[in-house]
Structures are given as structure tokens and as C-alpha cells.
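So that the names make sense, note that chain A is the first sequence line, chain B the second, and so on, each numbered from 1. For the numbers below, each heavy atom of this structure counts, side chains included, while hydrogens, waters and symmetry mates do not.
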Number of protein chains: 2
Amino acid sequence: MPPPPARPEGRTTIADVAREAGVSKATVSRFLNHRDTLLSPQIATRVEKAVQALGYMPSPMAQALKRGRSRLIGLVVADIANPFSVAVLRGAEKAAQQAGYLVMLFNLGNESEREREAIEALAAYQVEGFILNTLGADPHAADEVARHGKPAVLVDRKHAGMQADFVSLDNADAVRQGVSHLLAAGWRELLYVSEPVAGVSSRAERVAAFREFTRAQGVGGHVAEAAEGQGEALQQALRELRRGAGRRPVAVLASNALVTLRVSDAAAALGWQFGRDLGFVGIDETEWAHLVGPGLSTIAQPTDDIGRIAASCLIERLQGRDFPPRQILLAGRLLARGSSQRAP
Amino acid sequence: MPPPPARPEGRTTIADVAREAGVSKATVSRFLNHRDTLLSPQIATRVEKAVQALGYMPSPMAQALKRGRSRLIGLVVADIANPFSVAVLRGAEKAAQQAGYLVMLFNLGNESEREREAIEALAAYQVEGFILNTLGADPHAADEVARHGKPAVLVDRKHAGMQADFVSLDNADAVRQGVSHLLAAGWRELLYVSEPVAGVSSRAERVAAFREFTRAQGVGGHVAEAAEGQGEALQQALRELRRGAGRRPVAVLASNALVTLRVSDAAAALGWQFGRDLGFVGIDETEWAHLVGPGLSTIAQPTDDIGRIAASCLIERLQGRDFPPRQILLAGRLLARGSSQRAP
DNA sequence: TTGTAAGCGTTATCAT
DNA sequence: ATGATAACGCTTACAA
């Protein structure tokens, strides 16, 4: 199969095909877009041959210009270094490819103030819709999307005042699973360690669920924030937890994989062993959780589904279907390991 | 700052601005592209005001169509689930954003046969160049890129016959660092565990460097491949390693983070402890390496630099500079931890 | 210095 | 059923 002639100057255009087939550009266009209908078989085959011969592919740019639709999906992620964002990206990219869309990526790198810039840049390329896994810090970002009148799907983080489909882990349920599991194993004084909430909806929801559920269960429910580079503070929080608990076994529920790492470091620094000196469950399954200490218990998010469903939601809307904004909550799955085994 | 008027129908075009400012489209275009030169100050300010008032942003699609340049960079990654690919993506995305480019992503998901499809799709959108972190399995992919006459940068994996800039870890040096370190610590019989080489240049280079260097040092240098789901085989290889070594301490050099995981599992299954029963160094630093056992020694790739430099290389070429194909090898950095401490 | 007009590669609206 | 032709939003000769 020899490569197509590849005219050195520029790509082959619809005009080339038309000339080659001895028809008008309009006919070629019709062949491409309507194929069977509106076309005499003989002409159709003539055009088909020419297309083949020249290896012609229509320019999506020109098509976008003309039709105002680009077959592009804009994806804004808060931080591509976060495995969760990657999982979303992956699911979205897959679904998009299948539906014939291409993904344009904008990574905020945790700089929330760039959110509007991202949306603007993507909108300029006529993306047909957005998937947003954003910081939610910029109240104007919602307007920005609304202004373009393009459908959007929010992932993981709700955005105050933006009305759009929303796909996420069922945060409250996940926290309840973690707490129940720890209580069932005999841990009695619980500390929820979160990244600084800072207005991020998912973080706030998890903290709220933790407070509510521990109170309902009548057990000690404390909350601490673990920020970057604050290892000392976290160790301090753990020490206080144990001091306050007396002889009741203490355990930590970590809000995500990053926090799990920080808690692991703090525990190591204190010389505490998981499953013995400290019970532990962390939200977010990782490939390494089973290798740390006696194995870290985790609550796995259905990341693949989240990404896939987010993209599907968007694509459904791009195909013109119209629903009221949906909210899709997916259950997490507890993976019990040594760190949450029966308390001493 | 009220949001711009946001005409409900379609975006504001250059014509709108021209009308608002009472000038011609050409003048607006000149203002946008040449600003200072070619424009009387009064008109310039008039246009500037109009642009501001309408919140006008030119359509990159139309610009691309006209100029044949799109300010888009095509990025093909072998597997977005691989942290290395993510690091590249991240560096590339950052550099691209700074230079005013946007990244179009195509993830192969380890399906090498889609490589040409990816290049075609990206080329159709007039990407100005490619960054390829690919499988290298498709010999025609190179032609595909060449055919479009667009610059490309290869990352991590060379592509037979494609002549392009190449950015990568200095594989031979990294392997030598690992081997030297293990030998210096007293480990004597070494096993290199790799993913199936399968024609991937970086994998082959590392294996070759290992064979060569261990022979030069006159120590035992064995090689095993660890494929997905072959845990048993890997355990078997480790057992044989030790049997053959007699009383000489045995150690593993793992080819990447994935293999590190597999070796860790195998060691755990055998009940061997790193740093005592088995020396260990793994290529690729991870956020969790310090938490496993006595800490896993790793060789960190300068992933950020790799991504950034790859993008910079490409952008330099996009700006018209012309060099012969460059090959940029970056040194890895050994992080010694408990797993490679002095052999018993 | 500014405006007019052609054209980038498509598709859609007319005729024929 | 097919072909001219006019857009889409922009840039760039060429005129003025």
C-alpha cells in the first residue's frame, strides 16, 4: 500500500478531489456528508475513487469554521499530577475518541486563577463542550461557561451556581463506609485528615459527612487539615488525638491519596505502626497501598467510570439531547487491609 | 467588572469590532497583529476600546485556516496511565502554554496499532508539530509524520528511521549508576528485571547497558522479563537467582516503576525483605518508594525536564530555527534508601 | 495610514 | 441529481 501522493505543497483539498473526479466541490461535499442519498451511484463511485486516490481527508478546521462545530471537547483539570485527574482524563479521552471527538487539554496546575483563561482558550477553539475538574475558586468561571452557551460536565467538584451535569464519588457514602469499617474493627476515636477545604465542594462534603456520622454514632470525631510541608503539625495532631483518647484505640480516615502519603510519613516519624498503634483507612486506592506496612486499607473511587460517564454525559448533550442537569453519584468500594484490622 | 455584552448569537467577530470602531476589518486585524507599527495612534485607541468593549477574541480556527498555522501541538502518549507519560504531558503542556500553544492529546492506551490513526487525526487539525512518546511498533508511523512535513520530537522511545529530535533519560548511565551502587554496597549477584523488551528502544538500551556493565565488572548479571500477571514466573526467577548465587548477596535492578511494583509483590510473596534478603534499586522515583519496607532505592528520572525540553525543542523548530536532529540525554539521580543498604 | 477585496477549505442555498 | 456561488472569520496583497 504505497503512501498517497502527498502533494508537497499543502494538503489535498476538496477542490483537488473535485478536479480529479471531474465534478464540482459541492458534489464531493455531498458524497462525504450524505453519501448514499442525493447522489447517483456512478458519480458516487467516481468521487470515491478520487478520494481514495488522493488520500483526501477533509479539514476539521474548515469544517469547524463553516459549521460552527469542531468535534473538540475541552478538558480542564485542576492538576494533572493528581492520579484522579489522570483517571478522569483517561476515561474522557477514551469515550471522546469513540465518539469521534478529540480532547483539548488545559491543565491548571493548581493555579485556580487560571480557570477563566482555560475556558476562554478552549472556547476560542470552538470546543463543543467542557469537562471541568476544577478548583472552584473562581466564582466567575461559571459565567464564563454560561456565556458561551456550551454544555459542561463537572467532575468531582461542584461549582457554586453553575448548573451542569455533575459526576462524582458519593462522598457521604464513602466516608460512612470508612467510619463504619473502622468502628466495626474496634477503633474508637477517629480523626479525619483532609487537605485544606478552601471552598472545594468535595472536601467540604467529606468533612461534613464525617462530622455528622461520627456524632450520630456517638464516637469521637475530630478533624485536622494537613497542608503541604506541615508535617510537624500533623504529627502534633496525631499525638493529641492519642492523648485525648486515653486507652481507646485511635484511627485516621484520610481524605485522599495525597493525605494518605502525609499521614504515612507522620506515622513513620512518630514510630507508630498502622494496624497496631493507629488504625487507618484512606480514600483513593493506589497501586502501592498494599505494599505499605501491613497494607493500607483504602476506599477505591470508580475513577474509570467517573471519567467515562462524564464524557458520555457531555456527548449525549452534544448530540442534542436535553435533560435537566443530572447529578451522578458513584459508590466507592472499601478494600480492607492490615491497617484497619481489629484494634488491639 | 461586568462580563462583556455576550451577543447571544455566535461569538463577536472582527466585523463587529470594525463596525463598533468605525473602521475596516483590515484595520482591526492590523491592530491585533502589528499593534504599534502600521497604525495611527488615534485609530489604534479607537480599535482598542472596541475590542475591550466587545470582549473580542479572534477565532484561532479562522486564523489557522488563513495562515495554515494553528498554535496547536499534537501529543501522542503510549499510555496515559503511566506516570512517566503524565510527567511528559505535564512538562510539555506547561511549556506549550507559555509559548501560547495548546496541546491536543491522543492517548494510545498501549494499542500500538493506533499510532498512525493518532498522527492522522492530529495532523487533520493542523497541529504544527508532534511530541511522540509512542510504542515504536509501527514502522509506518515515521512516514506518516514525514509526510506531513511537520517537526516532531521523540520522547523516551526512539523510532527506527524517524529522524527527529530525541529527548530521554541517559539509559546507559542510569543503569550503570544502579549497578555501581549495588556493587559498592556489597551485593554481588545482580538480576535486571525488565518489561518485555518487544522492540521498545529504551528497554533494549537498558538491558544492553546492564549486560555490558556487569560483564565489565566481572559480576553475575542476569536478566528476566516480568510481564503482566506473571507473578509466579518472577518469583521463580528470584528463587533461581538466589540458588545460583550460593552465599553471595543477590540484588535486583528494576527497569521502571511498574516492574518495581511487581518485584515488590514477588518479594513479599516469597517473604524476602528488601535490604536484607534482597538488595534493590528501581529506575523511576515514586512518591511512595520511601514508604515500602526499609525504603526503596530509586533512580529518579528528570521527568519534568524531559517534558519541558521536549516541548522547547519543538517550539524552537516551530519558530523556524533549523538544526540537525538533536539527541538530548539527561542524567538520572540515584536516591539511596534502605533497600540497597550494605549487604549482609 | 487606511480601505477593498480575494481567498484559506468547507458547507449550504440557490439555481439548473 | 448536479453545479455555481455565497458565506464562515480571518489575513494580506494591492489600491487609494
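Across the protein-nucleic acid pair, A/Arg30 atom CZ and D/dG3 atom C1' stand 7 Å apart, rounded to whole Å. Rounded to whole angstrom, the span from the NE2 atom of B/His34 across to the C1' atom of D/dA13 amounts to 12 Å. If you measure from atom OH of B/Tyr125 to atom P of C/dG9, you get 17 Å, rounded to the nearest angstrom. Between the P atom of D/dC8 and the NZ atom of B/Lys66 lies a distance of 16 Å, rounded to the nearest Å. Regarding B/Gln63, its CD atom lies at a distance of 16 Å from the P atom of C/dG9, rounded to whole Å. Rounded to whole Å, the distance from NZ on A/Lys25 to P on C/dG7 is 11 Å. Spacing between atom CD1 of B/Ile14 and atom P of D/dA7 amounts to 18 Å, rounded to whole angstrom units. In this structure, the CG atom of B/Asn33 is 11 Å from the P atom of D/dC10, given to the nearest Å.
The CE atom of A/Met104 sits 11.0 Å away from atom CD of A/Gln126, with the distance rounded to the nearest 0.5 Å. Separation of atoms CG (B/Asp156) and CG (B/Leu132) is listed at 12.0 Å; rounding is to 0.5 Å. A distance of 5.5 Å separates OH in B/Tyr125 from CG in A/Leu102, rounded to the nearest 0.5 Å.
Residue pairs meeting the salt bridge (charged side-chain N to carboxylate O under 4.0 Å, His left out) criterion with at least one partner in residues 308-319 of chain A, sequence neighbours excluded, are A/Asp165-A/Arg317, A/Asp305-A/Arg308, A/Glu316-A/Arg326, A/Arg317-A/Asp322.
Between B/Ala26 and B/Arg67, the residue anchored nearer the 5' end of DNA chain C, judged by the nucleotide with its closest heavy atom, is B/Ala26.
Side chain of A/Arg114 to main chain of A/Leu108: no donor-acceptor pair is present (N/O by atom type, distance under 3.5 Å, no hydrogens or angles).
Residue B/Ser29 places no side-chain N or O under 4.0 Å from the OP1 or OP2 atom of D/dT12. Side-chain nitrogen and oxygen atoms of A/Ser59 include none within less than 4.0 Å of the OP1 or OP2 phosphate oxygen of C/dT10.
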Verify side chain to side chain contact (heavy atoms under 4.5 Å, CB included) between A/Leu89 and B/Leu105, making sure each step is shown before the conclusion.
-> CA-CA 10 Å; A/Leu89 169 54; B/Leu105 175 70; 3.7 Å; yes
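Taking the side chain of A/Ser24 as heavy atoms from C-beta on, and the options D/dC10, D/dA4, C/dG9, the nearest nucleotide is D/dA4.
Side chains of B/Glu93 and B/Gln97: a donor on one and an acceptor on the other come within 3.5 Å. No hydrogens or angles considered: nothing links the side chains of A/Gln63 and A/Arg71 as a donor-acceptor pair under 3.5 Å.
Near DNA chain C, meaning a heavy atom under 4.0 Å from it, residues 41-51 of chain A has no residue at all.
Base-pairing analysis of DNA chain D finds the following stems of at least three consecutive Watson-Crick or G-U pairs, with both pairing distances under 3.5 Å: C:1-16 with D:1-16.
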